[in-house]
Amino acid sequence: MSAARIPLAGVIGSPVAHSLSPKVHGYWLAEHNLPGHYIPMDVASDDLQTVFRTLPRLGFKGVNVTIPHKERALSLADRVSDRAAVIGAANTITFQADGSIHADNTDGVGFIENLRAGAPDWTAETGPAVVLGAGGAARAVLAALLDAGVPEIRLANRTRVRGDALRSEFGPKVTVTDWHRVGEALSGAALVVNTTSLGMDGSAPLSLSLDPLPKTAVVTDIVYTPLETQLLADARARGNVAVDGLGMLLHQAVPGFTRWFGGRPKVSPDLRAAVLAG
Ligand code: ATR
């Protein structure tokens with residue numbers, strides 16, 4: 001094998017054409033003048049294992065995995081980071097020099113970095129966080145918020161049993177609120193996070209009155225199509241700091257890029273503009 005082999009990485013999903021990750025990594029490769037390519041790959045679930053075994057032989061240093069492969073990717077790994085184990089899914093796979101597969105999950109750290117960048121005055125200790133949703137994204141957000149030191153998480157999900165299951169798993173700092181009573185949970189909260197698909201282009205709207213929410217609270221949405229969801233627009237209109245979800249996608253990409261291509265990429269306004277420019 002040639003020492004000068006060009007490093008490769010990519011994103012595996014199905015479908016994958018909509019993924020913004022190739023733009024993010026392509027931007028950083030050009031910005032840092034590094035050799036490498038980042039490729040979108042549409043892979044069926046049944047082929048994932050074979051693909052994981054084959055890619056390192058082609059010069060791949062690693063891959064991002066997205067829907068619907070995040071849980072399966074975790075199960076195929078030889079080593080799993082603590083945070084990927086807690087979240088129960090992988091989004092960043094690294095093929096080690098010894099041939100083993102390392103699985104990590106950077107969604108939670110991407111969420112927190114985005115929050116800290118967009119709401120520099122927010123601190124975890126300030127007060128309770130309200131989290132809407134109990135899917136895979138909620139797991140990453142819960143893990144990250146608890147790790148950051150949030151004292152209480154009020155979780156509301158349409159299907160209550162999914163919320164209860166997360167409470168059993170993540171512990172007593174998580175309290176579960178009925179979906180139709182989420183308004184009450186906003187009282188005294190320091191942070192609101194939407195992890196549901198509500199408000200996304202093509203999905204139903206999220207109808208939530210923010211009236212009980214303190215004006216000092218930060219509101220964030222992991223939905224980024226549209227960039228300004230109704231939730232964020234409502235929050236901004238009443239004076240709350242609102243943080244959009246695109247930054248989570250940008251920040252979660254940093255650790256993978258560093259591992260596969262080297263360098264320390266930054267999430268800059270220019271990167272955001274380049275990704276949004278399409
Ligand atoms: P992901 O892994 O991306 O978080 P998911 O596991 O499908 O995706 O979870 C989607 C979340 O959006 C869930 O919390 C889901 O609520 P349910 O657990 O009740 O399904 C929530 N969601 C989706 N459509 C919704 C709707 N119309 N009203 C309320 N919640 C909705």
Side-chain angles (χ1 to χ4, degrees), residues 11-21 45 48 64-75 83-92 103-112 114-115 129-146 153-170 174-186 191-210 219-227 229-232 234 244-253:
V11 54
I12 292 180
S14 191
V16 80
H18 66 284
S19 172
L20 296 176
S21 294
S45 292
L48 197 60
N64 288 122
V65 278
T66 186
I67 293 166
H69 300 317
K70 288 182 164 192
E71 285 84 12
R72 175 118 172 91
L74 189 78
S75 72
R83 60 194 184 190
V86 168
I87 296 167
N91 76 337
T92 304
D104 192 10
N105 194 314
T106 63
D107 284 335
V109 74
F111 168 77
I112 284 286
N114 182 42
L115 184 60
V130 174
V131 175
L132 310 176
R139 296 180 67 91
V141 167
L142 249 55
L145 289 176
L146 290 171
I153 295 177
R154 301 169 180 170
L155 185 67
N157 193 53
R158 173 182 60 178
T159 310
R160 170 146 185 151
V161 287
R162 288 187 89 192
D164 291 335
L166 287 188
R167 183 185 196 282
S168 321
E169 216 178 309
F170 284 86
V174 179
T175 56
V176 181
T177 303
D178 281 329
W179 182 244
H180 66 275
R181 304 186 73 168
V182 64
E184 295 166 32
L186 298 178
L191 176 70
V192 180
V193 188
N194 176 42
T195 78
T196 74
S197 49
L198 294 173
M200 191 185 293
D201 288 335
S203 297
L206 171 62
S207 12
L208 177 65
S209 164
L210 296 178
V219 178
T220 186
D221 203 326
I222 70 155
V223 170
Y224 59 85
T225 51
L227 203 52
T229 59
Q230 192 61 51
L231 174 68
L232 297 182
D234 289 350
D244 72 53
L246 180 63
M248 177 175 170
L249 174 92
L250 305 180
H251 282 280
Q252 64 78 31

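Each ligand, and each atom within it, is numbered from 1 in the order the structure gives. In this text, all values refer to a predicted model and were calculated from it rather than measured experimentally.
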task = Return the set of residues passing side chain to side chain contact (heavy atoms under 4.5 Å, CB included) with A143 (not counting sequence neighbours), or none when no residue passes.
result = V86, I87, F170
query = Of all residues at least two apart in sequence or in a different chain, which pass the side chain to side chain contact (heavy atoms under 4.5 Å, CB included) check with L227?
reply = Y224, D244, L246, R272, L276
ask   = What pairs meet the salt bridge (Lys or Arg N to Asp or Glu O under 4.0 Å) rule with one or both residues in residues 132-146, with sequence neighbours excluded?
value = R139-E169
ask   = T106 and N91: side-chain donor and acceptor closer than 3.5 Å?
value = yes
Table of N or O contacts for ligand 1, cutoff 3.5 Å:
{"unit_1": "ligand 1", "atom_1": "2 (O)", "unit_2": "G136", "atom_2": "N", "d": "2.9"}
{"unit_1": "ligand 1", "atom_1": "4 (O)", "unit_2": "G136", "atom_2": "N", "d": "3.2"}
{"unit_1": "ligand 1", "atom_1": "4 (O)", "unit_2": "A137", "atom_2": "N", "d": "3.2"}
{"unit_1": "ligand 1", "atom_1": "6 (O)", "unit_2": "R162", "atom_2": "NH2", "d": "3.2"}
{"unit_1": "ligand 1", "atom_1": "14 (O)", "unit_2": "A134", "atom_2": "N", "d": "3.0"}
{"unit_1": "ligand 1", "atom_1": "14 (O)", "unit_2": "N157", "atom_2": "OD1", "d": "2.6"}
{"unit_1": "ligand 1", "atom_1": "16 (O)", "unit_2": "N157", "atom_2": "OD1", "d": "3.3"}
{"unit_1": "ligand 1", "atom_1": "18 (O)", "unit_2": "N157", "atom_2": "ND2", "d": "2.8"}
{"unit_1": "ligand 1", "atom_1": "18 (O)", "unit_2": "R162", "atom_2": "NH1", "d": "2.8"}
{"unit_1": "ligand 1", "atom_1": "19 (O)", "unit_2": "R158", "atom_2": "NE", "d": "3.0"}
{"unit_1": "ligand 1", "atom_1": "19 (O)", "unit_2": "T159", "atom_2": "N", "d": "3.0"}
{"unit_1": "ligand 1", "atom_1": "19 (O)", "unit_2": "T159", "atom_2": "OG1", "d": "2.4"}
{"unit_1": "ligand 1", "atom_1": "20 (O)", "unit_2": "R158", "atom_2": "NH2", "d": "2.8"}
{"unit_1": "ligand 1", "atom_1": "27 (N)", "unit_2": "R158", "atom_2": "NH1", "d": "3.3"}

key: Minimum-distance pair of heavy atoms, taken over all atoms of L231 and T220   = CD2-O, 4.2 Å
task = To the nearest 0.5 Å, tell me how far I12 CD1 sits from R72 CZ.
result = 12.0 Å
